[in-house]
Amino acid sequence: MPPHPAVGLDDVIHQRVRLGILVMLAEIRECAFATLRTELQLTDGNLNRHVQVLADAGLVIVTKGYEGNRPRTWLRLTTDGRRALRAELLALEQLTARLKAADLDDLEGEQPGQL
């Protein structure tokens with residue numbers, strides 16, 4: 001019997017902010033740190049910590065440089081990051097399919113332990 005789909009969820013990716021970062025980076029080739037901060041409604045410090053976790057896992061590449069005279073930070077999804085995001089989405093789809101297959105309305109009024 002295959003393992004429950006929840007086993008396939010990656011603790012690094014599944015966190016709300018990190019999942020949001022990866023999804024945004026999958027939508028475009030490269031994204032400025034400031035854009036991620038604004039779109040995900042985070043502080044610099046909070047976003048920086050989540051980016052560091054993703055970078056340490058090899059899921060994103062952080063590039064620092066300048067735009068004119070202003071320092072800028074850009075992020076890009078790695079090949080491993082794309083692969084990990086696909087696997088996470090597959091696990092979520094499998095969980096969703098199980099919930100759709102279970103008629104949750106039929107379980108209303110059931111007592112605990114009567115499943």
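Only this structure's heavy atoms are used, side chains among them; waters, hydrogens and symmetry mates stay out.
- For the residue pair N48/Q52, the side-chain donor-acceptor check at 3.5 Å is not satisfied.
- V53 and V17 end up in the same hydrophobic cluster when Ile, Leu, Val, Met, Phe, Trp and Tyr side chains are linked at under 4.5 Å.
- By the side-chain contact (heavy atoms from CB on, under 4.5 Å) test, E93 pairs with L90, sequence neighbours left out.
- When all heavy atoms of Y66 and W74 are compared, the closest pair comes out as O-CH2, 4.0 Å.
- Cluster annotation: V12 and L92 are assigned to the same hydrophobic cluster (Ile/Leu/Val/Met/Phe/Trp/Tyr, side-chain heavy-atom contacts under 4.5 Å, transitive).
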Check residues 23-43 and write down every donor-acceptor pair under 3.5 Å in which the side-chain atom is one partner and the other belongs to a residue at least two apart or another chain.
from: R37; atom 1: NH1; to: D44; atom 2: OD1; distance (Å): 2.7
from: T38; atom 1: OG1; to: A34; atom 2: O; distance (Å): 3.0
from: T43; atom 1: OG1; to: N46; atom 2: N; distance (Å): 3.1

Using a 3.5 Å cut-off and no angle test, enumerate the donor-acceptor pairs between side-chain atoms of residues 75-82 and protein atoms at least two apart in sequence or in another chain.
from: T78; atom 1: OG1; to: G58; atom 2: O; distance (Å): 2.7
from: T78; atom 1: OG1; to: L59; atom 2: O; distance (Å): 3.2
from: T78; atom 1: OG1; to: D80; atom 2: N; distance (Å): 3.4
from: T78; atom 1: OG1; to: G81; atom 2: N; distance (Å): 2.9
from: D80; atom 1: OD1; to: R83; atom 2: NH1; distance (Å): 2.7

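- The side-chain hydrogen bond (donor to acceptor under 3.5 Å, both in side chains) analysis of residues 5-25, with sequence neighbours excluded, yields the pairs H14-E88, R18-H50.
- The side chain to side chain donor-acceptor pair (under 3.5 Å) search around R72 returns E67, not counting sequence neighbours.
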**Study point:** Residue pair L9, L95: steps toward the side chain to side chain contact (heavy atoms under 4.5 Å, CB included) verdict
**Key:** CA-CA 10 Å; L9 295 174; L95 283 169; 3.9 Å; yes
